[in-house]
Undergrad: 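If you scroll down you'll find the structure; I have some questions about it.
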Amino acid sequence: MNLSFFDQFSSPSLLGIPLVLISTMFPALLIPSMDKRWVTNRLSTLQLWFINLVTKQLMSPLNNKGHKWALILTSLMIFLLLINLLGLLPYTFTPTTQLSMNLALAFPLWLATLLTGLRNQPSTSLGHLLPEGTPTLLIPALILIETTSLLIRPLALGVRLTANLTAGHLLIQLISTATVTLFSTMPAVSLLALLVLFLLTILEIAVAMIQAYVFVLLLSLYLQENV
Amino acid sequence: VLHTTRPLHTTQQSLAPVPPLPEKGGEVRHGLIPEEFFQFLYPKTGVTGPYMLGTGLLLYLLSKEIYVVNHETAAAACILTVIVYAIKKLGPEVAAFADKLNEEKVATAVAMKDEAIQTLQTAIEEEKKEQWRAEGRSYLFDAKRNNVAMLLETNYRERLLMVYSEVKKRLDYQVAMQTLKRQKEQDHMIQWVEKSVVQSITPQQQKESIAKCIVDLKALSKGAHAAV
């Protein structure tokens, strides 16, 4: 298999059958379904504890109306976390490296928060365009700037996730290519590159988890403003 | 209405009874290969069978370039090192944590049950004590009755004493009156007798008695001088 650097980002297909749906839905298979027993086995207990932790963290700054978003935000978090972490394994396709998928996640959710705010409390959500305590002269400029910032949010959300993950994966590929190529000629340098690769892997694991968290956190922040 | 709040996956969705996840996973060797595989090969190839199979397979794939060593291999080596290290280091801790969570859950429920049992037992003992107390009622009533009787007796005696003293006072008064009366009569009679005697003494008698007294005195004085 001769892989170029960008083969990992192409949509996977086997004999012409697109496998992208399976690869996107695969993380759902890794989560055991709800157990009807009271005392569950270790995996279910840990999963329950983790989901409780995430939900509490996400939902504590929101008021009661925002708690309706608990299910979608928590499941989004788990989804992104698993996809990102699984993408670090070799020869795996990471769906979140595709800008299309990230924008498809970010745009509707952001739009939902915006429309919820504009529908239920229009003056309050429009009021967020002007931070408190600004000098009177700056008001027009600031409103334009804040509107731009508001409209850029979905793009920022999607592109942030895509860019972080794609860059990480590309870096891993490049440095591992360097390691392998240098192995025959300069083994010492190759070993150094291997060390760098090792550290990079640890960084990538952290980035995977953090990016998922940041995505969901920002969404909950936008929700907090608007609900 | 936000349909995202509709609860998903609350039931198994299949009508056949799906068994729940087992408490402990199956035995694996090297974290990947189930023990059953080794047991399967044991009768034919002994203990080293599966390892020989694995090594041979790996070497075959590498030498025939069915698996090509490329950059992904280096990346795979790194990520697998990290994963294995993390599992070996943190695995027992995480398992202990999960067990602790379960233990706490069970312990809370058991504590509640024990507390309920304890409360009920204390209630039973209290009830028994109350019943014992209720049995001693008759003694309590007897003591109270005795008290009351004593009070009545005391009261009666007091009143009796009062009656006695009052009657004595009245009788003393009568006695004193009589004594006084007799005394007065006596005094009066004495006075009357004296008065009449004094009145009966005529002046002639008075002179005679005085002359007689003087003669007597002279005679006595003579006798007295002689005695001295």
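Chain naming here is simple, since letters A, B, ... match the order of the sequence lines and numbering starts at 1 in each. Predicted, not measured: the structure shown is a model, and the values here were computed from it. Hydrogens, waters and symmetry mates play no part in the numbers below; they use all other heavy atoms, side chains included.
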Undergrad: Surrounding CH2 of A:Trp38 (heavy atoms of other residues, nucleotides or ligands, distance under 6.0 Å), is the total greater than 12?
TA: yes
Undergrad: At a heavy-atom distance under 4.5 Å, which candidate from A:Thr40, A:Thr179, A:Thr181 has the highest pair count against chain B?
TA: A:Thr40
Undergrad: Could you tell me if the side chain of A:Val39 sits less than 4.5 Å from the side chain of B:Val106, heavy atoms only?
TA: yes
Undergrad: Take atom NE2 of B:His30 as the centre, draw a 6.0 Å sphere, and report whether it contains more than 12 heavy atoms from other residues, nucleotides or ligands.
TA: yes
Undergrad: Taking all non-hydrogen atoms of both residues, which atom of B:Ala75 and which atom of A:Ser176 are closest, and how far apart?
TA: N-CB, 3.8 Å
Undergrad: Which distance, rounded to the nearest 0.5 Å, do you find between the CG of A:Leu88 and the SG of B:Cys78?
TA: 11.5 Å
Undergrad: Please determine whether the number of non-hydrogen atoms from other residues, nucleotides or ligands lying under 6.0 Å from atom CD of B:Glu35 exceeds 12.
TA: yes
Undergrad: Using heavy-atom distances under 4.5 Å, tell me whether A:Ile205 contacts chain B through its side chain, its backbone, both, or neither.
TA: side chain
Undergrad: With a 6.0 Å cut-off (strictly less than), is the heavy-atom count around CZ of B:Phe40, excluding the residue itself, greater than 12?
TA: no
Undergrad: Give, for atom CD1 of B:Ile79 and atom CG of A:Leu200, the distance between the pair rounded to the nearest 0.5 Å.
TA: 10.0 Å
Undergrad: Quick one: does A:Leu48's side chain get under 4.5 Å of B:Leu101's, heavy atoms only?
TA: no
Undergrad: Start with the C-alpha gap between B:Asn102 and A:Asn41, add the side-chain angles, then the distance that decides, and say whether side chain to side chain contact (heavy atoms under 4.5 Å, CB included) holds.
TA: CA-CA 9 Å; B:Asn102 274 348; A:Asn41 63 345; over 6 Å; no
Undergrad: Give a yes or no on whether B:Glu166 atom CD has more than 12 heavy-atom contacts from other residues, nucleotides or ligands under 6.0 Å away.
TA: yes
Undergrad: Kindly give the heavy-atom pair with the smallest separation between A:Tyr91 and B:Val68, and that separation in Å.
TA: OH-O, 4.0 Å
Undergrad: Could you tell me which non-hydrogen atom of B:Glu72 sits nearest to which non-hydrogen atom of A:Pro90, and how far apart they are?
TA: OE1-CA, 3.6 Å
Undergrad: Do B:Phe97 and A:Thr45 make a side-chain contact, defined as non-hydrogen atoms from C-beta onward lying under 4.5 Å apart?
TA: no
Undergrad: Quick check on A:Leu174 against chain B: is it the side chain, the backbone, both or neither that has a heavy atom closer than 4.5 Å?
TA: neither
Undergrad: Of the backbone (N, CA, C, O) and the side chain (C-beta and beyond), which part of A:Thr201 lies under 4.5 Å from a heavy atom of chain B, both, or neither?
TA: side chain
Undergrad: Check each atom of A:Ser44 against the heavy atoms of chain B and say whether the ones under 4.5 Å are side chain, backbone, both or neither.
TA: side chain
Undergrad: Looking at A:Phe183, I'd like to know if its CZ atom is crowded, meaning that more than 12 non-hydrogen atoms belonging to other residues, nucleotides or ligands lie closer than 6.0 Å.
TA: no
Undergrad: As an exercise, state the distance from OG1 of A:Thr177 to CG of B:Asn70, rounded to the nearest 0.5 Å.
TA: 8.0 Å
Undergrad: Should the heavy atoms of other residues, nucleotides or ligands under 6.0 Å from NZ of B:Lys105 be counted, would the total exceed 12?
TA: yes
Undergrad: Tell me whether B:Tyr60 at atom OH has more than 12 heavy atoms from other residues, nucleotides or ligands lying less than 6.0 Å away.
TA: no
